[in-house]
> 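Below are the structure tokens for one structure; questions will follow.
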Amino acid sequence: MSKQFDVIVIGGGPGGYIAAIRAAQLGFNVACIDEWKNEKGGPAPGGTCTNVGCIPSKALLQSSEHFEHANKHFAEHGITASDVKMDVAKMIARKDAVVKQNNDGILYLFKKNKVSFFHGRGSFVKAAEGGYEIKVAGAAEESITGKQIIIATGSNARALPGTPFDEEFVLSNDGALRVGAVPKKLGLIGSGVIGLEMGSVWRRLGAEVTILEGLPTFLGAVDEQIAKEAKKAFDKQGLKIELGVKVGEIKTGKKGVSIAYTNAKGEAQALEVDKLIVSIGRVPNTIGLNTEAVGLALDERGAIVVDADCKTNLPGVWAVGDVVRGPMLAHKAEEEGVAVAERIAGQHGHVNFNTVPWVIYTSPEIAWVGRTEQQLKADGVKYKAGTFPFLANGRARALGDTTGMVKMLADADTDEILGVHIVGPQASELISEAVVAMEFKASSEDIARICHAHPSLSEATKEAALAVDKRTLNF
Ligand code: FAD
Ligand code: NAI
């Protein structure tokens with residue numbers, strides 16, 4: 001007889017492992033199946049986020065930022081650092097160690113919460129009495145059954161048609177995080193989140209970086225004023241971004257990659273690079289789940305169809321994270337995982353999509369929550385806008401990083417905050433205040449009246465709130 005569980009979670013990324021832990025906290029007997037392998041073939045739970053996404057990319061961003069500071073900014077502080085060198089192998093090894101700490105942390109959390117972990121691929125066998133039978137194919141093969149199934153199988157990098165990833169010359173996010181030496185010339189296709197973060201890492205380390213973007217506008221989802229400010233900073237840093245291009249034939253040779261494309265003026269161009277990172281979005285992953293066995297509905301993009309509560313078309317089967325609609329973000333996946341576990345327990349799990357923050361971890365960082373000015377205009381909402389530049393913030397001056405601004409948008413009649421957009425130092429941390437404010441339906445006046453520590457970057461948020469009412473104190 002196969003092992004019986006109340007809840008089986010397929011996928012151990014941020015959506016899956018968090019769902020498993022929350023379900024266990026709620027008193028369920030829980031299994032989590034994840035197939036990711038480390039280099040020794042052992043389990044490496046944490047999914048894309050931990051292994052080839054959020055965590056390793058931030059480790060490389062940190063290392064490369066230190067390198068850039070030592071080379072370009074220490075002198076401003078009177079520090080002489082000559083002959084600064086980057087040992088890429090050591091940087092990658094440190095990144096791998098950070099990843100392993102996170103893998104091990106999740107295995108520890110499974111033990112602590114009494115979640116049964118299965119290393120292998122999970123797939124549907126059939127609907128069984130009161131639930132579903134799931135096959136786990138790992139070192140051994142076994143069958144387990146669960147009353148409730150949560151699918152959190154994530155996403156994979158989208159390849160350009162006709163140009164598969166070889167991870168030596170044409171790299172997905174996986175290969176991009178394992179480059180062994182700084183390429184002299186690096187090309188990227190797509191100036192979205194990965195393009196900008198990975199492009200920044202290798203530019204800081206000395207690569208000549210060119211990003212080819214299909215759309216005519218830079219970061220179309222970002223508030224236009226913020227995107228413009230960010231673009232100015234990237235241009236100054238020497239990150240070459242060509243907008244409105246049409247990528248043609250891509251040829252891989254022994255030494256590198258040549259990319260034929262037409263530029264925004266329609267002129268034929270060629271780009272020769274040592275490595276090419278293709279970062280043109282990601283596709284939901286249901287490979288090997290055997291969805292047909294139970295008739296699980298997928299949409300035309302291959303995403304699992306779910307309602308607002310993450311329920312699929314099958315009773316007792318739920319899906320969360322990158323494999324369903326909505327932004328492909330780790331914290332969105334986690335929130336959905338928690339909400340589903342709570343719904344299974346008969347509670348009222350809730351995810352507020354209006355307050356999911358976005359962060360791009362470049363320098364300057366870009367972070368936002370809520371609607372952009374262009375969205376408010378399109379929605380016909382009357383609003384007031386306030387901006388405050390970091391140039392006028394004492395802490396930013398002391399840090400030596402005065403690029404960018406905080407921008408707040410509030411309803412013209414009620415003063416409720418509708419969006420906050422930041423480009424500048426520590427935007428990733430500053431955005432939390434805006435998320436809290438929006439969750440509590442705060443007005444810009446609420447933020448303007450709250451005491452913020454001095455000197456701190458968060459004073460720029462307070463000043464942006466004051467700017468909504470045209471009464472900044474320091475600008
Ligand atoms: P995943 O993390 O993809 O996890 C799915 C897991 O399921 C994997 O371990 C996979 O092996 C396993 N699996 C799949 N099928 C099966 C099966 N049949 N049986 C068993 N196991 C299976 N988001 C942020 O919020 N912040 C960031 O800074 C950020 N940086 C990123 C950087 C990069 C380079 C990339 C690529 C992504 C980044 N993301 C970031 C996005 C983030 O990684 C994803 O949104 C997040 O990982 C989605 O979580 P998930 O649990 O849905 O899926
Ligand atoms: P993306 O959707 O952010 O950007 C893809 C870019 O490629 C877009 O600008 C698009 O217009 C462009 N593009 C698409 N097809 C093209 C083509 N044929 N030629 C030229 N340009 C083309 O996707 P990306 O960067 O691959 O990242 C995937 C997802 O991973 C992100 O959307 C995000 O959800 C997540 N992520 C989140 C991070 C964060 O939160 N800091 C960091 C990295 C990834």
Side-chain angles (χ1 to χ4, degrees), residues 9-19 32-37 43-58 60-61 103 106 118-124 134-138 151-158 160-161 163 172-174 176-177 188-199 211-221 242-248 259 261 277-291 319-324 326-334 336-337 356-362 365-367 428:
V9 184
I10 308 178
Y17 90 79
I18 290 291
C32 182
I33 311 168
D34 187 82
E35 65 178 342
W36 207 294
K37 289 186 184 128
T48 301
C49 169
T50 301
N51 292 294
V52 291
C54 323
I55 302 300
S57 61
K58 267 80 253 176
L60 296 190
L61 278 157
N103 297 141
I106 295 166
F118 291 83
H119 189 212
R121 171 168 288 187
S123 59
F124 282 99
I134 305 290
K135 182 173 87 180
V136 185
I151 305 169
T153 46
S155 63
N156 292 317
R158 186 153 77 88
L160 276 166
T163 310
S172 69
N173 57 298
D174 187 358
L177 292 159
L188 293 104
I189 300 186
S191 69
V193 199
I194 296 181
L196 292 173
E197 289 187 357
M198 287 297 103
I211 309 183
L212 302 178
E213 166 60 45
L215 291 178
T217 37
F218 178 63
L219 286 179
E242 279 205 54
L243 300 173
V245 310
K246 193 164 182 343
V247 174
I259 303 117
Y261 68 98
I277 298 173
V278 177
S279 47
I280 57 167
R282 298 178 61 80
V283 286
N285 170 35
T286 53
I287 300 167
L289 256 186
N290 198 21
T291 54
V320 301
D322 280 13
V323 78
V324 304
M328 289 186 169
L329 294 173
H331 41 283
K332 176 263 193 185
E334 292 181 12
E336 285 182 334
V356 173
W358 275 84
V359 178
I360 306 179
Y361 294 82
T362 43
E365 291 186 343
I366 305 166
S428 55

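First listed ligand is number 1; within each ligand, the first listed atom is number 1. Values below: every heavy atom of this structure, side chains too, minus hydrogens, waters and symmetry copies.
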> So, regarding Leu329 and ligand 1 (criterion: nitrogen or oxygen to nitrogen or oxygen, under 3.5 Å), is there a contact or not?
yes
> Does the residue Lys246 have a heavy-atom contact with ligand 2, meaning some pair of atoms that are separated by less than 4.0 Å?
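So Lys246 does not count as touching ligand 2.
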> Which one holds for Ile194 and ligand 1: side chain close, backbone close, both close, or neither close, with close meaning a heavy atom under 4.0 Å?
side chain
> Could a heavy atom of Lys58 be found less than 4.0 Å from some atom of ligand 1?
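Yes.
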> Check each atom of ligand 1 against the heavy atoms of Asn173 and keep those under 4.0 Å away; list them by number with element.
34 (C), 36 (C)
> Tell me which part of Ile189 gets within contact of ligand 2: side chain, backbone, both or neither, using heavy atoms under 4.0 Å.
side chain
> Treating Glu365 as the side-chain partner and Ser428 as the backbone partner, does any N or O pair qualify as donor plus acceptor under 3.5 Å?
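Yes, the answer is positive, given that a donor and an acceptor are paired below the 3.5 Å cut-off.
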> With heavy atoms of Arg282 as the reference, note each atom of ligand 1 found under 4.0 Å away.
36 (C)
> Quick one: which ligand 2 atoms are inside 4.0 Å of a heavy atom on Arg282?
28 (C), 29 (C), 30 (O)
> Under the side chain to side chain contact (heavy atoms under 4.5 Å, CB included) criterion, do Phe218 and Leu196 qualify, and how do the steps go?
CA-CA 11 Å; Phe218 178 63; Leu196 292 173; 3.8 Å; yes
> Is there any N or O on Gly15 that sits under 3.5 Å from an N or O of ligand 1?
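Between Gly15 and ligand 1 (N or O atoms, distance only) the closest approach is under 3.5 Å.
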> Ligand 2 versus Asn173, non-hydrogen atoms closer than 4.0 Å: side chain, backbone, both, neither?
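Neither part.
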> Would His331 count as a polar contact of ligand 1, with the cut-off being nitrogen or oxygen pairs under 3.5 Å?
yes
> So is Thr48 polar-close to ligand 1, meaning N/O to N/O under 3.5 Å?
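Yes, at least one N or O pair falls under 3.5 Å.
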> Would you call Pro327 a ligand 2 contact, heavy-atom distance under 4.0 Å?
no
